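This report refers to the structure that appears directly beneath it.
Keep in mind that this is a model prediction, so the values were computed, not measured.
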Amino acid sequence: MTVVDAHIHQWDPLTTPREFSGLAKLLRYVPVPMDLAKRLAPRRDREFVGDPTPFVYPYLPRDYRADAGDVPVEAIAHIEAEWIGTGPLGPADETRWVASLPFGVDTPALGAVLGAADPTAPEFAELLDAHRAASPLFRGIRTRVEYHPDSQVRATRKTPGLLTSPAFLDGFGALADRGLVFEAWVYSGQLPEVSALAERYPETTIVLNHLGTPAGIFGPVGRDTGQHPGQRRELFVRWCDDLTALAQHANVVSKVSGLMMPILGHPVPRRGEPTPVPVLLERISPMLEHALDVFGADRLIWGSNFPVDKPITSIPNAADAVATALAGHGADDKAIEQVFRRNAERIYRIDVL
């Protein structure tokens with residue numbers, strides 16, 4: 001079986017405009033030991049990234065190929081990565097840049113590009129068309145909508161409810177009219193908002209990123225999130241209930257990705273020593289089992305979320321843990337192939353394999 005990695009990021013913070021470009025350039029010209037840089041960073045950033053190393057260096061096709069190791073990845077889907085180009089159509093420059101990278105040259109092929117755009121922006125429709133003009137592989141967008149009630153958990157939004165606001169819902173129609181995909185990266189408390197969006201636009205495919213990112217489910221983060229086992233149990237129960245409700249919408253699929261993000265509360269191991277697969281399995285199996293129960297194997301998509309997950313795990317360990325957990329809950333070879341390849345091919349119309 002070959003694999004589609006449906007969620008990776010590519011960046012060069014030294015030559016392209018990213019939210020973290022300033023830090024990357026500073027550390028290039030004022031060398032600071034990475035462990036010191038980590039200690040000096042705000043707590044919410046430390047807990048989100050785990051280790052800043054992947055963010056301060058370019059991460060390009062050959063870097064990804066080296067990280068993939070023996071996982072037989074044939075194609076990838078690129079997800080927007082904090083591009084801050086100027087002007088209302090600036091985000092389309094990221095799509096153009098990604099399409100220009102040397103994918104397929106001793107590396108996996110580029111199968112799809114998911115760019116950045118905000119449905120509340122006046123030029124939203126024009127930006128969608130600019131993305132499409134930038135690459136024939138453009139398949140949809142992701143909007144930074146993540147909100148968390150704990151102010152010490154890193155998030156873009158300071159208030160909840162953007163996904164169900166009139167401006168967002170009205171603008172979203174331009175995406176629906178073009179038959180494009182919406183990538184929903186939210187924290188788990190926002191899952192009911194994703195359900196409301198799916199109900200409003202039942203013909204639009206919505207891809208839930210990272211199973212809804214229940215911050216703190218494996219350990220303490222922020223000021224008062226996941227601080228003790230009872231709190232983590234409550235978080236898991238609510239996540240289960242809200243994911244079950246979301247899965248009732250046939251137009252929603254979910255990525256089994258980002259399960260090794262530091263913000264979930266994983267202890268960060270020493271650099272270069274990825275968390276062992278048995279340890280990962282103990283943490284993520286209950287989540288994967290519930291996701292398989294409510295979505296079924298035909299609505300789950302695997303993605304490595306590299307290099308964001310790199311401080312916690314390796315791509316081979318992540319793929320092994322997910323496949324083992326699903327198989328242990330009854331997924332046969334056909335189901336595993338759906339999760340690791342076929343569903344991504346269908347959702348993103350990937351035909352390069």
Side-chain angles (χ1 to χ4, degrees), residues 6-7 145-150 153 155 160-161 163-164 182-199 205-222 224-266 278-303 305 309 312-313 318 321-331 335-336 338-339 343:
H7 199 106
V145 298
E146 72 277 11
Y147 162 80
H148 199 281
D150 186 335
V153 171
L163 284 169
T164 53
F182 180 67
E183 300 276 322
W185 181 53
V186 297
Y187 284 118
S188 57
Q190 296 174 277
L191 289 175
E193 291 184 42
V194 183
S195 290
L197 181 64
E199 183 173 8
T205 298
I206 295 175
V207 180
L208 177 68
N209 288 186
H210 313 331
L211 286 182
T213 316
I217 200 164
F218 301 136
V221 297
D224 54 13
T225 300
Q227 298 299 310
H228 54 79
Q231 194 179 60
R232 294 193 285 274
R233 176 63 184 168
E234 291 175 5
L235 176 61
F236 178 74
V237 169
R238 180 182 174 188
W239 172 83
C240 284
D241 290 345
D242 289 343
L243 198 75
T244 299
L246 179 60
Q248 302 308 304
H249 300 280
N251 57 321
V252 179
V253 300
S254 183
K255 284 181 177 172
V256 288
S257 61
L259 300 182
M260 291 68 166
M261 292 176 71
I263 195 61
L264 296 183
H266 290 284
V279 177
L280 294 176
L281 275 170
E282 184 178 357
R283 296 176 193 162
I284 70 174
S285 289
M287 295 180 66
L288 288 168
E289 291 168 5
H290 181 67
L292 183 61
D293 286 343
V294 298
F295 277 103
D298 61 338
R299 289 200 289 150
L300 295 177
I301 302 175
W302 178 76
N305 195 34
D309 285 17
I312 304 299
T313 190
V322 170
T324 300
L326 294 175
H329 198 58
I336 297 295
Q338 285 181 294
V339 175
N343 296 339

Quick one: are [X] and [Y] in side-chain contact, heavy atoms under 4.5 Å?
X	Y	result
Arg232	Pro220	yes
Leu243	Phe295	yes
Pro160	Glu193	yes

With a 3.5 Å distance limit and no angle check, can you tell me whether [X] reaches the backbone of [Y] through a side-chain donor-acceptor pair?
X	Y	answer
Thr324	Ala321	no
Gln190	Leu163	no
Trp239	Leu211	yes
Gln227	Val221	yes
Asn343	Trp302	no

Can you measure from [atom1] ([X]) to [atom2] ([Y]) and round to the nearest 0.5 angstrom?
X	Y	atom1	atom2	result
Ile206	Leu197	CD1	CG	4.0 Å
Tyr187	Asp150	OH	CG	10.0 Å
Glu234	Ile217	CD	CD1	12.0 Å
Arg299	Ile301	CZ	CD1	11.0 Å
Phe218	Leu235	CZ	CG	9.5 Å

Measure across [X] and [Y] and return the closest heavy-atom pair with its distance rounded to 0.1 Å.
X	Y	answer
Leu288	Leu326	O-CD2, 4.1 Å
Leu292	Ala331	CD2-CB, 4.2 Å
Gln231	Gly226	OE1-N, 2.7 Å
Trp185	Asn209	CB-OD1, 3.7 Å
Pro214	Ser188	CA-OG, 3.4 Å
His329	Asp293	NE2-OD1, 2.8 Å

#### Entry: Residues that Tyr147 engages under ring-ring contact (aromatic ring centres under 6.0 Å, His included), provided they are two or more places apart
none

Enumerate donor-acceptor pairs with a distance under 3.5 Å from any side-chain N or O in residues 244-266 to protein atoms, sequence neighbours excluded.
from, atom 1, to, atom 2, distance (Å)
Thr244, OG1, Cys240, O, 2.8
Thr244, OG1, His290, NE2, 3.1
Gln248, NE2, Thr244, O, 3.1
Asn251, ND2, Ala198, O, 3.4
Asn251, ND2, Tyr201, O, 3.1
Asn251, ND2, Thr204, O, 2.9
Lys255, NZ, Ala6, O, 2.9
Lys255, NZ, His7, ND1, 2.9
Lys255, NZ, Glu183, OE1, 2.8
Lys255, NZ, Tyr348, OH, 3.1
Ser257, OG, His210, N, 3.4
Ser257, OG, His210, ND1, 2.7
His266, ND1, Arg283, NH1, 2.7
His266, NE2, Leu259, O, 2.7

### Message
I'd like to check the salt bridge (charged side-chain N to carboxylate O under 4.0 Å, His left out) partners of Arg238; sequence neighbours left out, ordered by chain and number.
### Response
Asp242

